[in-house]
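Here the structure is a predicted model, which is why all the values come from computation and not from measurement.
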Amino acid sequence: MWYDNKVKNYFVWDGSSTKNITAKIKFPLWNEKNDTPEDPNPYGVMGWHEGDSAVYVYDKYDVWRIPLANTADPSTITSGRKLINSSFRYIKVDPEEKFISHKTWLHFRTFNEEKKLSSVVKYLGSDLIGETIAATGPYVYSSFIKAKDANVYVFSKEDYISSPNLYITSANSTSTVNGGWSYTQLSALNPQQKEHNWMTAELFKWKAYDGKESEGIVYKPEDFDPKKKYPLICYFYETLSDGLYNYLPPAPTPSRLNIPFFVSRGYIVFAPDIHYGTGHPGKDAYDYVVSGTRALVKKGFIDSTRMGLQGQSWGGYQVAYIITMTNLYKAAWAGAPVVNMTSAYGGIRWENGKNRQFQYEKNTKPHRRHPLGKARVIY
């Protein structure tokens with residue numbers, strides 16, 4: 001089986017002929033928000049049914065079961081669209097698992113795109129009978145594992161205040177927490193944090209200069225006073241808003257802004273999402289970053305005479321571009337930037353010896369993953 005990026009469908013070869021197995025699915029199986037100069041990637045394959053009788057693939061929200069013998073049409077086994085745009089992604093709890101069965105429970109991590117809320121649920125493989133293990137809430141659930149011979153689970157949970165701690169829960173829980181099983185906390189990391197002025201995080205929405213609605217994260221000091229005026233740092237890297245509830249440790253970085261470090265010292269940090277057209281990434285960054293900054297200033301708690309920019313790599317290039325377009329910012333820090341794409345076009349990457357032209361013509365493989373989002377690195 002393979003995915004054709006041009007036709008945007010999955011195909012199979014049975015030894016004698018090729019067959020399009022997803023033509024009847026009317027929802028896109030590829031990233032509709034792709035804004036890089038390449039064909040959009042598919043959302044991916046979840047796995048194969050026992051006996052290879054069906055394959056499971058993702059769209060933006062749900063999982064589709066696709067019979068390979070043409071005995072039935074593709075059908076969804078999740079309810080992401082019904083849950084107001086929540087995506088379902090499979091959690092493999094059995095490391096020895098090779099195939100998916102109707103007889104077993106399937107575990108999924110859900111994510112609500114609008115409110116950035118997460119949960120962990122399980123569905124019986126034969127139908128949409130579901131049960132919530134970790135309740136939907138303003139958290140990030142990860143490191144989810146199951147005991148081999150019991151309905152006992154250990155997982156980590158974090159938000160922008162609490163670092164990832166381990167919790168344990170089981171089917172024998174006698175009570176529920178917001179609709180999920182009750183759980184017991186096993187670890188308590190970073191107790192020293194309570195001695196410091198930490199931060200809060202909230203979504204901020206505005207209309208960019210290109211007329212489109214956008215959103216970003218506003219990080220405020222824990223002791224925020226709306227009557228005061230705060231210095232502002234704009235930090236950006238593509239789209240970061242899905243990381244609203246990520247815990248950000250106050251640790252050294254290569255050349256990125258350490259958000260809790262600055263917020264703890266009385267800054268407000270604004271992380272606006274940037275969406276791209278074709279051929280003008282600097283202008284696109286300007287349209288979103290500057291419009292978002294001005295919209296935030298209107299809230300009344302920003303000192304507009306003390307505003308700065310920070311970005312690393314691709315964000316560093318955009319910092320270098322934006323400061324040629326406006327005097328709005330008092331300071332700017334470009335980390336590991338390319339400030340001249342013409343010169344960089346023929347450069348050689350240090351770690352692999354590749355010519356950098358592919359990054360500008362068609363960036364097919366991001367160099368690394370950013371802590372809050374996918375990378376589009378050009379340096």
Worksheet item: With T305, which residues qualify under side chain to side chain donor-acceptor pair (under 3.5 Å), at least two apart?
Response: D303
Item to complete: State whether the side chain of E158 and the backbone N or O of P164 hold a donor-acceptor pair below 3.5 Å, judged by distance alone.
Response: no
Worksheet item: Within the side chain of K229, is there an N or O that forms a donor-acceptor pair under 3.5 Å with the backbone of G300?
Response: yes
Item to complete: Take K6 and D39, measure what salt bridge (charged side-chain N to carboxylate O under 4.0 Å, His left out) needs, and give me the verdict at the end.
Response: CA-CA 7 Å; K6 296 295 184 183; D39 295 325; 3.1 Å; yes
Worksheet item: Would you say N190's side chain and Q192's backbone share a donor-acceptor pair under 3.5 angstrom?
Response: no
Fill in: Path from Y61 to Y10 over hydrophobic side-chain contacts below 4.5 Å
no
Fill in: Closest contact, heavy atoms only, A54 versus L68
CA-CG, 4.1 Å
Worksheet item: For the side chain of N340 and the backbone of S343, is there at least one donor-acceptor N/O pair under 3.5 Å apart?
Response: yes
Item to complete: Let me see the working for Y153 and I91 under side chain to side chain contact (heavy atoms under 4.5 Å, CB included), right down to the final yes or no.
Response: CA-CA 12 Å; Y153 301 87; I91 303 172; over 6 Å; no
Worksheet item: Side chains of S214 and D273: donor-acceptor distance under 3.5 Å anywhere?
Response: no
Worksheet entry | Exceeds 12 heavy-atom contacts within 6.0 angstrom, atom NE2 of H280 | no
Worksheet item: How long is the gap from OH on Y345 to CZ on F358, to the nearest 0.5 Å?
Response: 12.0 Å
Fill in: Distance (rounded to the nearest 0.5 Å) between T36 OG1 and N34 CG
3.5 Å
Practice prompt. Classify the angle between the aromatic ring planes of F155 and Y141 as parallel (below 30°), tilted (30 to 60°) or perpendicular (above 60°).
Written response: perpendicular
Worksheet item: How far apart are the closest heavy atoms of Y317 and G282, and which atoms are they?
Response: OH-N, 3.9 Å
Discussion item. Pair I77, V63 - check side chain to side chain contact (heavy atoms under 4.5 Å, CB included), show working.
Written reply: CA-CA 6 Å; I77 66 168; V63 177; 3.8 Å; yes
Practice prompt. With side chain to side chain contact (heavy atoms under 4.5 Å, CB included) as the test, would you mind laying out the steps for K60 and E32 before giving the verdict?
Written response: CA-CA 8 Å; K60 183 176 183 179; E32 310 99 297; 4.0 Å; yes
Worksheet item: Which atom pair, heavy atoms only, marks the closest approach of F204 to K299?
Response: CE1-CE, 3.5 Å
Discussion item. Please tell me whether V297 and V289 are part of a single hydrophobic cluster in this structure, the criterion being side-chain heavy atoms less than 4.5 Å apart.
Written reply: yes
Fill in: Atom pair CZ (F270) and NZ (K220), whose distance is rounded to the nearest 0.5 Å
12.0 Å
Fill in: Check against salt bridge (charged side-chain N to carboxylate O under 4.0 Å, His left out), K103 and E50
CA-CA 11 Å; K103 302 175 182 179; E50 55 188 351; 5.8 Å; no
Worksheet item: Within the side chain of N165, is there an N or O that forms a donor-acceptor pair under 3.5 Å with the backbone of S163?
Response: yes
Worksheet item: Does a sphere of radius 6.0 Å around NZ in K283 hold more than 12 heavy atoms from other residues, nucleotides or ligands, not counting ones at 6.0 Å or beyond?
Response: no
Fill in: Distance in Å, Q185 CD paired with T169 OG1, rounded so as to fall on 0.5 Å steps
13.5 Å
Item to complete: Please confirm whether F301 and F224 have ring centers closer than 6.0 angstrom.
Response: yes
Item to complete: Answer yes or no: is there a donor N or O on one side and an acceptor on the other, between the side chain of S118 and the main chain of Y139, under 3.5 Å?
Response: yes
Worksheet item: Can you name the nearest heavy-atom pair linking I274 to A285, along with the distance?
Response: CG2-CA, 3.8 Å
Discussion item. For a side chain to side chain contact (heavy atoms under 4.5 Å, CB included) check, start with the C-alpha distance between K8 and L29, then their side-chain angles and the critical distance, and finish with the verdict.
Written reply: CA-CA 7 Å; K8 298 179 180 178; L29 301 176; over 6 Å; no
Practice prompt. Give the C-alpha distance, both sets of side-chain angles, the deciding distance and a yes or no for ring-ring contact (aromatic ring centres under 6.0 Å, His included) between Y123 and F88.
Written response: CA-CA 11 Å; Y123 281 159; F88 280 69; 5.7 Å; yes
Worksheet item: Backbone N or O of N197 within a donor-acceptor pair of the S264 side chain at under 3.5 Å?
Response: yes
Item to complete: Answer yes or no on whether R89 is positioned over the face of Y58, meaning its NZ or CZ is under 6.0 Å from the six-membered ring centre and within 45° of the axis.
Response: yes
Discussion item. With a 3.5 Å distance limit and no angle check, can you tell me whether D159 reaches the backbone of Y247 through a side-chain donor-acceptor pair?
Written reply: no
Worksheet item: If you measure from OG on S86 to CZ on F108, what distance do you get to the nearest 0.5 Å?
Response: 13.5 Å
Practice prompt. Determine the minimum heavy-atom distance between A251 and N258, stating which atoms define it.
Written response: O-ND2, 2.8 Å
Show the atom names and distances, to 0.1 Å, of all donor-acceptor pairs under 3.5 Å that link a side chain in residues 318-325 to residues at least two apart or in another chain.
from: Q318; atom 1: NE2; to: Y276; atom 2: OH; distance (Å): 2.7
from: T324; atom 1: OG1; to: Y321; atom 2: O; distance (Å): 2.6

Worksheet entry | Whichever hydrophobic residues join I145 through chains of side-chain contacts under 4.5 Å | V152, V154, L166, I168, L186
Worksheet item: Apart from W13 itself, which Ile, Leu, Val, Met, Phe, Trp or Tyr residues share its cluster (side-chain heavy atoms under 4.5 Å, direct or through members)?
Response: W2, V7, F11
Worksheet, complete the sentence: Distance col, row T239:OG1 vs Y288:OH, nearest 0.5 angstrom, shows 11.0 Å
Discussion item. Looking at K92, I want to see if its NZ is surrounded by more than 12 non-hydrogen atoms of other residues, nucleotides or ligands under 6.0 Å.
Written reply: yes
Practice prompt. Could you tell me which non-hydrogen atom of I302 sits nearest to which non-hydrogen atom of M307, and how far apart they are?
Written response: CG2-SD, 3.9 Å
Worksheet item: Any donor-acceptor pair under 3.5 Å linking the side chain of T78 with the backbone of D62?
Response: no
Item to complete: Evaluate salt bridge (charged side-chain N to carboxylate O under 4.0 Å, His left out) for K19 paired with D14, printing each intermediate quantity in order.
Response: CA-CA 8 Å; K19 180 172 60 177; D14 62 5; 5.9 Å; no
Fill in: Qualifying ring-ring contact (aromatic ring centres under 6.0 Å, His included) pairs, either residue in residues 25-44, two or more places apart
none
Worksheet item: Ignoring hydrogens and geometry, is there a side-chain-to-backbone donor-acceptor pair from K194 to P191 under 3.5 Å?
Response: yes
Worksheet entry | Contacts of D73 that satisfy salt bridge (charged side-chain N to carboxylate O under 4.0 Å, His left out) - sequence neighbours left out | K24
Worksheet item: Does the ring of Y267 carry R265 above it, NZ/CZ under 6.0 angstrom from centre and within 45° of its axis?
Response: no
